[in-house]
Structure formats: C-alpha cells, structure tokens
Amino acid sequence: MTETHTTRAVFVRPGEGGWGKGLLLRADGKRDKVLSVTGGGIHPVAARIAELTGAEAVDGFHTSVPDDEVVAAVINCGGTARIGVYPRKGLPTVDVYPGAPGGPLAKFITEELFVSAVGVKEVTEADSETGTVPPKVPPRAERPSARDVAATVTGGQSTGFGRAFDSVSGVFVKFGSGVGSFVNTMLASGRQTVELTLTTILPFMAYVSLLLGIVNYTGIARGIANVLSPIASNPLGLVVISLVVSLPFLSPILGPGAAIAQVVGTLMGSQIAIGALPVQYALPTLFAINGQVGCDFIPVGLALGEAKPETVAVGTPAVLISRLITAPLAVIIAWGASFGL
Amino acid sequence: MEELAVMAQQADTGSSSGPLGVLEWLGSHFIGLFNASGEQFVSLVTGILPTLIVLLTAMYAITTFIGEQRVTRAVRWSARWWITRYTIMPVLAVLMLTNPMAYSFGRFLPERHKPAFYDSAVSFVHPVTTFFPYANAGELFVWLGVANGVAQLGQSTVPLALRYFLVGIVVIFIRGVVTERITAFMIKRTGRTEVFADFDRQFEAAKAGAK
C-alpha cells in the first residue's frame with residue numbers, strides 16, 4: 001500500500017470498558033464499504049466511519065457485500081458468534097458493545113482486528129503524520145486453525161542409516177508419529193476445552209450465579225414465580241411466550257448470545273426446583289424460550305453459506321415470518337411429547 | 001417493599017436496635033447476598049464443570065479424528081433430498097462444525113434453499129447442547145438452567161434430554177420446510193423469480209462443472 005491515495009484514515013479507539021488497542025481504518029480503491037451488521041438500519045458508528053473515510057455505509061441485514069470490499073464491519077455483539085465471524089475472515093471489526101474475545105472463534109479476535117465499546121465519539125480522524133500503518137492481517141490461509149494445529153503430526157523422517165534400517169525404522173516412525181498425532185490431538189482438544197471454559201463458560205456461570213443469588217436471597221424469586229407460574233404452567237401461556245419472543249421486531253433483539261433465553265431458562269429451572277412449576281412443563285418451556293434463536297444472526301449466517309445479496313433480502317424476512325408459525329407449533333409439539341416425564 | 005420485608009424476616013433476631021442496628025442489618029445482608037451467589041457458583045462449578053470439561057475434550061478430539069472432509073461428503077449427500085436437507089444435514093453440520101461455522105454448509109445448496117437451511121441449523125444449536133454441549137458451549141444454560149431445576153428435584157435429566165433432542169429434530173424439519181415455502185413466496189412477491197431462476201441455472205452449471 002502506498003501513501004498516494006487521498007482518502008482519509010480514521011482511528012477507532014476502544015470506549016470505556018472496551019477491548020483492543022484501536023483500529024486504523026481507511027477506504028482504499030475497491031475497499032470502500034462500511035458494513036453495519038447491527039439490525040435496525042445503519043448504526044451511527046458505521047455512519048460516522050463511512051463519513052470520515054469517504055466510504056459507503058451498508059446495512060448488512062439487507063445486502064451482503066463481498067469481503068474484499070469491506071473497510072470494516074460494525075457489529076453489536078456481546079455474545080459468542082458474530083463477534084468472531086468477521087475477525088475470522090480477516091476483516092477489521094468494530095463492536096459497539098463492550099465485547100472481548102470469547103466463544104469458539106476467540107482465537108481470531110486479535111488487537112489488530114477488533115475493538116469494542118465504540119461510540120460515535122471514539123471515531124476520530126487519524127493524524128496523517130502518525131499511525132499511518134494500516135493493520136497488518138495475514139491472509140486466512142496463513143492463519144492456522146485449531147484443527148490444523150491438532151492435525152500436525154510430530155515425528156520425523158528416517159535419519160538415513162541405510163535402506164534396510166529405514167524399512168525397519170519406518171514401522172517405528174509410523175507407529176511413533178501415529179501416537180504423536182493421537183496425543184497431540186487430545187492435548188489440543190484439552191487446550192481448546194480449557195480455553196472455552198475460561199473465556200466463555202466460567203464467566204457466564206459467574207454472572208448467572210450472581211443473578212440467581214440476588215434473585216433468591218432478596219425474595220424476588222417468589223415475585224417472579226407469582227408472575228411466571230400462571231403463564232408458564234399451562235400450555236397456552238407457553239405458546240404466548242413463544243409468540244412474543246418470535247415477534248419479528250423483538251426476535252433480533254432477544255437473540256444475541258442467547259442471553260435472554262439462558263437467563264429465563266435458569267429462572268424457570270429454579271421454579272421447577274422449588275415445585276412452583278410442574279416438571280412436565282420443562283420440555284415445552286425449553287422450546288417456548290428459544291423461538292428467537294438465531295434471529296439476530298440471519299444475514300451473517302447466510303453470508304457464511306455464501307448467499308447472494310438477493311437471498312439475504314428475501315431470506316431474512318422469510319425466517320422472521322416463519323418463526324411466528326413454527327415457534328408456537330414447536331411448543332405444542334413439545335407439550336405433546338412431554339407426557340410421561 | 002415486599003422484598004425488604006422478606007429480608008427483614010430473614011435477618012438475625014439478635015441484632016441491636018437503633019442506627020447501629022440498621023448498619024449491622026445492611027452489613028450482614030450485603031455480604032449474605034454474595035455468600036448466596038457464591039454458593040450458587042460453587043454448585044455450578046463442581047456439579048457441571050468436571051464432566052463438561054472431559055466431555056468437551058473427547059468430542060473435540062473425535063471431530064478432529066473424523067475430519068472435515070469426510071463430513072463434508074456426508075453433508076453434500078444429505079443436501080439432495082428435502083427430507084434429509086432439514087434433518088440430517090443441519091444435525092451433521094452443527095455436530096461437526098459447531099455454532100457458528102455450521103452455517104457455512106449452506107454453500108452446498110441452491111440460493112433458494114439457503115435461508116431454510118440456516119433456520120433449520122440455527123434452531124438446532126440449543127437442543128444439541130443436551131448430549132453434545134461442545135457444539136454450542138457458549139449457550140449451555142438454555143438447557144442447563146432448566147435441567148438443573150429438574151435435577152434438584154432428584155429426577156434424572158436423561159429422559160428430558162432425549163426428548164429435547166428428538167423433538168428438536170422434528171422442529172428443525174418443520175422449520176426448514178415452512179421457511180422454504182415462505183422464501184419461495186417472498187421471491188415471488190418481491191418480483192425476483194427471474195433472478196432466482198438464474199441462480200438455479202448457475203448452481204446446476206457449477207455442479208456439472210465440479211463433476
């Protein structure tokens with residue numbers, strides 16, 4: 001990249017409680033679109049970045065843009081999925097929520113690619129003299145995935161003491177590298193697991209524990225039980241819950257990280273534990289609280305399947321509308337299947 | 001106010017009265033709140049985490065051993081028929097590639113089937129956590145929260161898990177079929193019939209080219 005082009009560079013620094021060192025962004029030739037994947041139109045942060053860089057802001061919920069035309073992706077994700085998808089593609093990612101590396105794609109979320117808790121005031125024009133080095137990103141092919149690492153076989157070649165020896169040692173080498181590969185795979189899996197536990201599962205456990213502690217200790221639990229029990233303790237109430245969470249204007253908001261479903265699930269569980277809700281309703285409850293699953297993620301999920309912009313345009317409303325039919329239906333099926341539990 | 005009354009009932013009866021008593025009351029309840037939360041945390045960590053960690057390790061290892069290529073072949077095979085497209089295909093995709101990379105298998109489908117496949121696959125990421133939590137460990141509590149309640153009653157969670165998993169497959173199948181229909185309707189309504197017919201031709205051509 002030369003210094004001859006005239007588009008302005010923009011520096012995006014992390015906001016309060018945010019993660020990352022900040023990103024230097026600039027539009028450059030074909031790379032001239034700021035992708036806003038936040039739902040509800042173009043996010044002000046995306047608009048600001050577009051305005052300052054001279055790029056065009058694009059709503060990722062309505063159109064999909066080829067990766068090599070994207071200056072940066074603006075997301076609102078505190079969860080586990082969207083936060084990693086764009087860094088994995090090597091695209092600079094600006095999170096308007098205070099997200100930090102987590103989830104299965106955490107290893108791709110690096111300081112060179114990701115910044116979070118960004119508000120409009122965190123987007124500033126970069127000084128043309130300083131900090132003009134654009135973020136360096138190795139191409140995706142050069143970034144090893146965990147599977148590649150796991151599949152790496154240790155164990156060497158035969159050392160060349162003659163052919164007879166080679167043929168004998170070949171067996172040992174093969175055996176040795178087989179064992180090495182096995183052990184390495186197991187180790188890599190363990191490492192992946194512990195990483196996931198530390199970055200995703202334990203933090204969520206801590207958060208749920210605090211929430212449950214407060215709810216139980218203060219007696220709010222009883223209040224919630226009084227409200228929820230009549231709704232959730234008959235199939236019709238559960239159908240209503242599933243309808244509400246799958247309303248097309250609510251479902252994309254309730255989706256991120258399945259946070260709402262997880263919290264409601266935990267609360268319902270505690271109600272089942274104290275006997276306020278019958279065990280039989282556990283199954284329809286599980287389906288009632290996940291009618292919104294993935295509704296925040298439709299354009300990204302479709303983009304992962306290499307869908308064309310037209311498919312995103314018809315597919316997003318199709319999925320949202322479909323949920324209004326299938327979410328209550330799922331509860332009814334689950335209710336029917338729950339007899340005898 | 002009701003909460004405060006409950007808290008007052010729980011307070012020690014032996015505390016002194018007056019302003020000091022109020023402070024004492026505040027002090028004991030402040031720390032009591034976090035003690036209660038801490039107990040929750042310990043029970044979650046000791047109850048769930050040990051099994052989960054070894055299970056996750058085993059499942060990650062198995063998926064690595066099986067390898068992406070073999071799965072890709074199975075998925076392409078299941079993409080052909082509408083019955084398998086919204087049952088076997090999403091289940092395999094979620095089990096092998098996990099959330100969120102599972103949706104990348106949409107690339108084996110013609111454009112008009114991609115939204116339905118996404119809907120089907122994404123709806124499986126919660127039922128899958130019952131027996132295969134590694135596939136979506138970030139959202140475990142949708143299942144664990146409810147299951148924990150059942151476990152605290154002293155009942156086995158296995159029958160519930162099995163039904164959640166099986167009903168999940170039925171639901172993703174229905175969801176796939178319904179979304180496929182609605183997508184077709186949306187294509188017609190928005191006047192994109194020609195565009196998608198074109199996509200179909202491209203898809204067929206690409207498939208023929210690959211052979």
Side-chain angles (χ1 to χ4, degrees), chain A residues 80-81 85 103-104 147 150 185-186 189-190 192-193 196-197 200-201 205-206 208-210 212-213 216-220 258 261-262 265-266 268-270 272-273 279 282-283 285-286 290 293-294 301-302 304-308 310-311 314-315 317-319 321-322 325-326 330 333-334 337 341, chain B residues 3 6-7 32-34 36-37 40-41 44-45 53 56-57 60-61 64-65 68 98-100 103-107 111 114-115 118-119 122-123 125-126 137-142 145-146 148-150 152-153 155 159-160 163-164 167 170-171 174-175 178-179 182-183 186-187 190 192 195 199:
Chain A
T80 52
V85 168
R147 287 214 168 99
T185 304
M186 296 303 281
S189 307
Q192 217 175 336
T193 304
L196 189 80
T197 309
T200 310
I201 301 175
M205 279 184 171
V208 162
S209 302
L210 181 59
L212 274 180
N216 285 333
Y217 191 76
T218 55
I220 296 174
Q262 298 195 66
T266 310
M268 298 282 235
S270 64
I272 290 173
V279 185
L283 190 62
T285 297
L286 283 163
N290 86 359
V293 60
L302 286 174
L304 282 171
E306 294 165 14
K308 300 226 159 56
E310 288 85 354
T311 311
V314 296
V319 173
I321 296 166
S322 158
I325 304 165
T326 56
I333 294 171
L341 267 178
Chain B
E3 281 93 68
V6 174
M7 285 170 82
L33 187 70
F34 295 109
S37 304
Q40 287 282 353
F41 186 68
L44 284 178
V45 169
I53 286 178
L56 287 178
T57 306
Y60 277 133
T64 310
F65 286 135
E68 250 180 81
T98 75
N99 180 33
Y103 317 123
S104 65
F105 275 137
R107 69 180 186 273
E111 293 291 326
K114 282 177 182 175
Y118 168 75
D119 200 8
V122 84
S123 297
V125 301
H126 290 157
E139 297 172 5
L140 257 183
F141 273 85
V142 177
V146 174
N148 242 8
V150 175
Q152 278 178 39
L153 287 175
Q155 297 189 15
L160 179 64
R163 287 176 197 217
Y164 190 25
V167 175
V170 175
V171 167
I174 295 173
R175 213 160 258 180
V178 171
T179 307
I182 297 180
T183 308
M186 290 295 297
I187 291 171
T190 55
R192 288 187 171 94
V195 182
F199 287 156

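Proteins come first, then strands; the chains are lettered A, B, ... in the order of their sequence lines, and each starts at number 1. Below, all heavy atoms of this structure are taken into account, side chains as well, without hydrogens, waters or symmetry copies.
Heavy-atom minimum distance, B:V171 versus A:A330: CG2-CB, 3.6 Å. A pairwise comparison of heavy atoms in A:S322 and B:T179 identifies OG-OG1, 2.7 Å as the closest pair.
Most heavy-atom pairs under 4.5 Å with chain A: of the set B:S104, B:P159, B:G106, this distinction falls to B:S104. Contact count against chain A (heavy-atom pairs under 4.5 Å) is highest for B:R163 among B:R163, B:Q40, B:M186. Chain A forms more heavy-atom pairs under 4.5 Å with one residue of B:L33, B:T183, B:V178 than with any other, namely B:L33. Note on B:L153, B:D119, B:I53, B:L160: by heavy-atom pairs under 4.5 Å with chain A, the leading option is B:D119. Contact tally against chain A (heavy-atom pairs below 4.5 Å) for B:R192, B:E111, B:Q155: the top residue is B:E111. Considering only heavy-atom pairs separated by less than 4.5 Å from chain B, the leading option among A:I321, A:T311, A:T266 is A:T311. When each of A:V314, A:I272, A:L283, A:L286 is scored by its heavy-atom pairs under 4.5 Å with chain B, the top score falls to A:L286. Between chain A and the options B:Y118, B:Y103, B:F105, B:F34, the largest number of non-hydrogen pairs under 4.5 Å is found for B:Y118.
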Show, in sequence, the C-alpha distance, side-chain angles and deciding distance for A:I325 and B:I182, and conclude whether the side-chain contact (heavy atoms from CB on, under 4.5 Å) test is met. CA-CA 11 Å; A:I325 304 165; B:I182 297 180; 4.0 Å; yes
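The distance from the CG atom of A:L210 to the CZ atom of B:F41 is 11.0 Å, given to the nearest 0.5 Å.
Looking only at distances, no side-chain donor or acceptor of A:Y217 sits under 3.5 Å from a matching main-chain atom of B:S37. No donor-acceptor pair under 3.5 Å is formed between the side chain of B:E139 and the backbone N or O of B:V125.
Scored by the side-chain contact (heavy atoms from CB on, under 4.5 Å) test, A:I333 finds A:L329, B:V167, B:V170, B:I174 as partners (sequence neighbours excluded).
If you measure heavy-atom distances from A:V319 to chain B, the contacts under 4.5 Å come from both the backbone and the side chain. For chain A, the nearby parts of B:V150 are the backbone and the side chain; heavy atoms of each come within less than 4.5 Å.
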